Amino acid sequence: MNRWRPLFLVAVLVVACRGASPSAQAVSDRQLGALVDSLLPVVSKATGLAFKATPRSAIRTREQIHAYLIAKMARELPPAKLEGIAATYRLLGMLPDSVDLRQLFLDLYTEQIAGFYDPDSTTFFAIQGTDPAQLRLVLAHELVHALQGQYLALDSILRDSTNADRQSAAQAVLEGQATLVSLVVMAPGMDIVNNDGFWATFRDQLEQQQTGTTVYARAPMVIREELTFPYVAGADFMRWYDKNHPGTVPFNTAMPQSTEQILHSDRYAAGERPVRVRFTDDTAGVIFDDTFGEFDIDLLRAVVVGATSPRTDPAIGWAGDRLRVYRSPAGPALVWVTTWDAPRFALQFHDQIATPLASHHRPGYRIAVDTLPGSTRPTVRVVVAPTGWARWTSLPRAQIEAPTGQ
């Protein structure tokens with residue numbers, strides 16, 4: 001459920017050096033426009049897509065960008081939505097209660113941002129004082145997003161609030177392509193796509209760069225991993241796609257449908273789409289209703305075993321899931337229904353991930369993990385709710401439907 005990365009930022013380039021260099025020579029709007037013009041043909045060649053129009057560009061102060069972030073966050077992450085996201089991760093033991101998510105998001109992106117493409121205004125914004133060398137890398141990345149916006153309905157993709165896991169997969173394609181292309185542009189003549197050694201070094205350098213930043217370094221593991229997922233896992237997926245589908249892009253109907261497909265390209269190649277899980281009860285008291293997905297389950301497993309990073313291989317046999325957060329007088333209540341490809345995968349999740357949650361003692365709360373007989377697929381339900389929650393005697397029901405798109 002990749003909600004940690006604000007959806008309006010398409011995107012902050014995490015592989016670039018962030019912020020302004022005190023000794024950097026200021027770039028004017030005219031110079032920025034010239035830099036855009038110089039990069040258009042190389043970005044177009046690297047993507048195989050032609051620009052239909054020249055993207056606009058502008059320079060903004062860090063204070064202006066800070067104000068922009070506050071306004072965008074108010075629109076993209078309204079209080080009820082943020083409450084539901086935070087409750088989900090807190091009840092699963094993935095996020096401390098003491099973390100102020102809204103402030104953390106704002107601090108993270110104020111620290112990280114060097115430039116970004118805004119799909120609302122179709123404009124690339126550069127931070128005043130950014131070093132020109134850094135700016136070129138960031139701009140190469142962001143111009144890919146501008147190009148994507150000329151071939152895709154970015155607004156509908158990024159603001160689809162019905163399926164966070166599918167949205168994370170789409171973000172991974174967008175960021176993965178932009179990361180891959182920007183590195184190709186900045187290192188002409190190198191076979192970056194096929195250079196496995198380069199990508200191993202890239203991952204190590206990315207981790208080192210990020211842990212050297214103040215806010216990122218102290219952020220909970222789940223937030224750090226969610227932030228980097230679309231860049232690293234997305235670039236890996238796009239490398240695979242480029243090798244197996246040369247001259248094409250996974251846009252529109254070819255877009256991956258889940259983080260499982262991003263992490264395990266064989267699932268994408270086989271056309272294995274997620275199973276739809278749907279709650280059949282009324283929505284009384286519901287403050288949040290969304291998917292979780294394979295990558296977040298990998299993160300949950302890391303938390304359960306005390307690991308510092310998730311293990312994403314092998315595939316866990318995830319088929320689909322859905323969760324709801326309910327408001328109650330004693331605190332939020334979580335109902336999470338997962339379905340699996342085979343009984344052994346459901347059993348592994350039940351015994352190795354879901355059941356250990358019971359040791360996560362939350363005062364005044366009760367945790368129940370059970371299988372749901374009669375489902376068309378192996379299904380496990382996890383409930384984390386206040387002991388006195390009125391719905392313990394009549395838990396919300398869910399229905400397992402055919403895979404999406406089939």
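These numbers come from a predicted model, not from an experiment.
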For E225, what residues pass the salt bridge (charged side-chain N to carboxylate O under 4.0 Å, His left out) criterion, not counting sequence neighbours?
none
Do R56 and S121 have a side chain donor and acceptor closer than 3.5 Å?
no
What are the two closest heavy atoms between A46 and V181, and how far apart are they?
CB-CG1, 3.7 Å
Mind listing the closest non-hydrogen atom pair of P378 and A346 along with its distance?
CB-CB, 3.7 Å
Do side-chain atoms of S265 reach the backbone of Y268 as a donor and acceptor pair under 3.5 angstrom?
no
Where does the angle between the aromatic ring planes of F116 and F125 fall among parallel (under 30°), tilted (30 to 60°) and perpendicular (over 60°)?
tilted
Residues D118, T123; criterion side chain to side chain donor-acceptor pair (under 3.5 Å); working and verdict
CA-CA 5 Å; D118 175 32; T123 301; over 6 Å; no
Is it the case that the side chain of Q257 and the backbone of M255 share a donor-acceptor pair, with hydrogens and angles ignored and the cut-off at 3.5 Å?
yes
I127 side chain near R60 side chain, heavy-atom distance below 4.5 Å:
no
Go through the structure and list residues passing side-chain contact (heavy atoms from CB on, under 4.5 Å) with A71, not counting sequence neighbours.
none
Go through H264 and W318 one step at a time and tell me if the ring-ring contact (aromatic ring centres under 6.0 Å, His included) criterion holds.
CA-CA 11 Å; H264 309 289; W318 174 91; over 10 Å; no
Taking every non-hydrogen atom, the tightest pair across A368 and W392:
CB-CZ3, 3.8 Å
Minimum heavy-atom distance S38-R136, with the two atoms named
OG-NH1, 4.1 Å
Between D165 and R322, is there a salt bridge with N-O shorter than 4.0 Å?
no
Can you tell if the side chain of V303 reaches within under 4.5 Å of the side chain of V222, non-hydrogen atoms only?
no
Passing candidate, side-chain hydrogen bond (donor to acceptor under 3.5 Å, both in side chains) with Q177, options H141, Q148, H145
Q148
From L101 CG over to L106 CG, what is the distance, rounded to the nearest 0.5 angstrom?
12.5 Å
Closest non-hydrogen atoms of I59 and D29, given as atom of the first, atom of the second and distance, are N-OD1, 3.0 Å
Closer than 3.5 angstrom, by distance alone: can the side chain of Q261 be matched with the main-chain N or O of E272 as a donor-acceptor pair?
yes
Can you confirm whether P220 sits close enough to P96 that some side-chain heavy atom of one is under 4.5 Å from a side-chain heavy atom of the other?
yes
Donor-acceptor contact present, side-chain T122 to main-chain P119, <3.5 Å
no
Roughly how far, to the nearest 0.5 Å, is the CE atom of M186 from the CG atom of L137?
5.0 Å
Does the side chain of P332 reach to within under 4.5 Å of the side chain of Y365, using non-hydrogen atoms?
yes
As an exercise, state the distance from CD of Q399 to OG1 of T379, rounded to the nearest 0.5 Å.
11.5 Å
To the nearest 0.5 Å, how far apart are OG1 in T259 and CG in D296?
7.5 Å
Salt-bridged, D290 to R324, with N to O below 4.0 Å?
no
If you measure from CD1 on I262 to CH2 on W240, what distance do you get to the nearest 0.5 Å?
10.0 Å
Qualifying residues under side-chain contact (heavy atoms from CB on, under 4.5 Å), relative to V215, sequence neighbours excluded
L104, D107, L108, E111, R218
Does any N or O in the side chain of T179 come within less than 3.5 Å of the main-chain N or O of G176, such that one atom is a donor and the other an acceptor?
no
Answer yes or no: is there a donor N or O on one side and an acceptor on the other, between the side chain of T283 and the main chain of V286, under 3.5 Å?
no
Report yes or no: does Q150 contribute a side-chain atom to a donor-acceptor pair with the main-chain N or O of A53 at less than 3.5 Å?
yes
Are any of the side-chain heavy atoms of R391 and D281 separated by less than 4.5 Å?
yes
Which word best sums up how the rings of W389 and Y326 line up, parallel for under 30°, tilted for 30 to 60°, or perpendicular for over 60°?
tilted
Counting N and O atoms only, with roles assigned by atom type, does the side chain of S57 sit under 3.5 Å from a partner on the main chain of F124, one being a donor and the other an acceptor?
no
Does some side-chain heavy atom of R224 sit less than 4.5 Å from a side-chain heavy atom of Y216?
yes
Is the count of non-hydrogen atoms from other residues, nucleotides or ligands lying under 6.0 Å from K45 atom NZ greater than 12?
no
I'd like to know if the side chain of R102 reaches the main chain of L77, judged simply by a donor and an acceptor atom lying under 3.5 Å from each other, with no hydrogens or angles considered.
yes
Could you label the plane-to-plane angle of the F349 and W336 rings as parallel, tilted or perpendicular, counting under 30° as parallel and over 60° as perpendicular?
perpendicular
Under 3.5 Å, is there a donor-acceptor pair between the side chain of R301 and the main chain of R311?
yes
Walk me through it: do F251 and Y151 pass the test ring-ring contact (aromatic ring centres under 6.0 Å, His included)?
CA-CA 8 Å; F251 290 175; Y151 288 84; 7.4 Å; no
Can you name the closest pair of heavy atoms from T308 and M221 and give their distance?
O-CG, 3.3 Å
Would you kindly say whether D298 and T312 are connected by a side-chain donor-acceptor distance under 3.5 Å?
no
Applying side chain to side chain donor-acceptor pair (under 3.5 Å), run through T291 and N163 and close with a yes or a no.
CA-CA 5 Å; T291 54; N163 190 325; 2.9 Å; yes
Approximate separation, where rounding is to 0.5 Å, of F51 CZ and L147 CG
4.5 Å
side-chain contact (heavy atoms from CB on, under 4.5 Å) between V380 and L372, worked out:
CA-CA 6 Å; V380 179; L372 297 185; over 6 Å; no
Apply side-chain contact (heavy atoms from CB on, under 4.5 Å) to F237 and V232, showing your working.
CA-CA 9 Å; F237 175 84; V232 177; over 6 Å; no
